[in-house]
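Being a predicted model, the structure only gives us computed values, none of them experimental. A, B, ... follow the sequence lines: proteins, then strands. Residue 1 opens every chain. What you see below is based on every heavy atom in this structure, not just the backbone, and it leaves out hydrogens, waters and symmetry mates.
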Amino acid sequence: MDLVRDVFASALKPRIFRDREKLLPDYVPGFLPHRESEIRRVASILAPALRGEKPSNIFIYGLTGTGKTAVVRYVLSKLEVTAREAGARVKGVYVNARYRDTPYRIIADIGEAVGARIPFTGLSVGEVFGRILKVISDTKTIYVVVLDEIDFLARKRGGDDVLYKLTRINSELRTSRISLIGVTNSADLVESLDPRVKSSLGEVELVFPPYNAEQLKDILEARAREAFQPGVLEEDIIPLCAALAAREHGDARRALDLLRVAGEIAERSGSSKVTRDHVYMAREEIERDRVVDVVRTLPLHSKLVLASILMVTGGGSGYATTGEVYERYRYLTLKLGIETVTLRRVSGILAELDMLGVITGRVVSRGRYGKTRVLELALDPQVLYKTLSEDIALGDIIDEVGREFGKRSSMR
DNA sequence: TGTCCACTGGAAGGGAGGGCTT
DNA sequence: AAGCCCTCCCTTCCAGTGGACA
């Protein structure tokens, strides 16, 4: 009883954080260090909206965590506020194509944002377009639609088509206008886009350079001031987070995650300070959580493929090829008494797992012995094994995986 | 020098599961 | 309820392909 009360009491008494939310990825800060010129640029492009004119479409390119999203959302919110004060009709719509990665979901989201009633499935894409048109056509409003991580949409079947329709939508609107901001971190996207979409979306192009460690430090300091209680960060915590993140091409989001999770670990352990150890622990925890989340939501056959890889690579210490994995996978499905997917599918699954960062694979030609994907596990085998064993559908199979796994890993 | 392996990766299509409108 | 259309996961088919080997 008292134990519980102690836990609650210490939760009430903030020791580390003042406002943890300030470190969450979707928080848009009021101050964005080292992005002044980008902010000014975006703002000046969008400014005509205040006079009721359609701003140019913008295409923004930059690696992850270079502040693209933050800058766009920041400018957009300022734009809406200014418009409201000035009596101009401007509305910002933000959609992230990574999490809503079918053409239908994207425009459904846009539709919902502008106030159309869109069911989550059941309608044709054309029908949703129609509904959007109906709602906004006569509103005398400038809509600024941000398509974040647009590459996820463009890569999908039919994605090009939706983009094309979006760039053309203005000709069907009466008194309102839509301007588009495409955001991406993939350089090859530009090549693969429909040329008509490309020229329309790229009326103005902007490139966001990565932050260096120095700049990351400034960003972290600004946020830390809002997020933490004064004095809880040990001296070199911020430089450390900045340095670790700078190593990964200056990803600010990663740096902020590191700082936040380090703080959480400190708080959980009842420490009154955030130390270097907390940061290193945070780095591991972030990686572990990411993997666990990804693996847990994988479909059954992907999990079986992962289990096969675990076995073939001998507990994650060696390499495997597609053929070897497929053979083991077939054996596992046989034991489970379920249907086996084709080699083509497994090849596809392996490519997906590679993209998710669960495995790393290279397509290698071994001459006479054909061309295959040579892959290895890109995560802690223990964590993978534990996560896989949570799935009851894998049944007894997991024991066998475990035996193999235990045998090999204890040999090392 | 050409062959040929063991796949890769693109494309199209299907069918299960499910929600929409009428 | 019928008739559409959606997504997701999968299949079938097939045209490449890098380089060790004969």
Whole angstrom is fine here: how far is it from [atom1] in [X] over to [atom2] in [N]?
| X | N | atom1 | atom2 | result |
| --- | --- | --- | --- | --- |
| A:D109 | C:dC6 | CG | P | 17 Å |
| A:L298 | C:dC10 | CG | C1' | 15 Å |
| A:H301 | C:dC10 | NE2 | C1' | 9 Å |
| A:L304 | C:dC9 | CG | C1' | 14 Å |
| A:L343 | B:dT8 | CG | C1' | 10 Å |
| A:F129 | C:dC6 | CZ | P | 13 Å |
| A:L375 | B:dC7 | CG | P | 11 Å |

Generate the contact string for nucleotides 17-22 of chain C. Rules: B means base contact, S means sugar-phosphate contact only, - means no protein heavy atom under 4.0 Å. BBBBS-
Pairing residues for A:E80 by the salt bridge (Lys or Arg N to Asp or Glu O under 4.0 Å) criterion, not counting sequence neighbours: none
Among B:dC7, C:dT11, B:dC20, the one nearest any side-chain atom of A:T321 is B:dC7
side-chain contact (heavy atoms from CB on, under 4.5 Å) with A:P239: which residues, sequence neighbours excluded? A:K217
Under the side-chain contact (heavy atoms from CB on, under 4.5 Å) test, which residues partner A:L379, sequence neighbours left out? A:V291, A:V358, A:L384
Restricting to side-chain hydrogen bond (donor to acceptor under 3.5 Å, both in side chains), what partner residues turn up for A:Q215, sequence neighbours left out? none
Within 45 degrees of the axis of the six-membered ring of A:Y211 and under 6.0 Å from its centre: does A:R35 put its NZ or CZ there? yes
Pi-cation contact, A:Y94 with A:R73 (under 6.0 Å, within 45°): yes
Those residues that, when tested against A:F129, pass ring pair (Phe, Tyr, Trp, His ring centres under 6.0 Å) (two or more places apart): none
Residues forming a ring pair (Phe, Tyr, Trp, His ring centres under 6.0 Å) with A:F228, sequence neighbours excluded: A:F17
With a 3.5 Å cut-off and sequence neighbours excluded, list the donor-acceptor pairs that the side chains of residues 295-307 of chain A form with protein atoms.
from, atom 1, to, atom 2, distance (Å)
A:R296, NH1, A:E390, OE1, 3.0
A:T297, OG1, A:D293, O, 3.1
A:T297, OG1, A:V294, O, 3.1
A:H301, ND1, A:Y329, OH, 2.7
A:K303, NZ, A:R296, O, 3.3
A:K303, NZ, A:D391, OD2, 2.6

With a non-hydrogen cut-off below 4.0 angstrom, is A:T340 in contact with a base, only sugar-phosphate, or nothing? sugar-phosphate
Heavy atom of residues 344-353 of chain A under 4.0 Å from DNA chain C: which residues? A:R344, A:R345
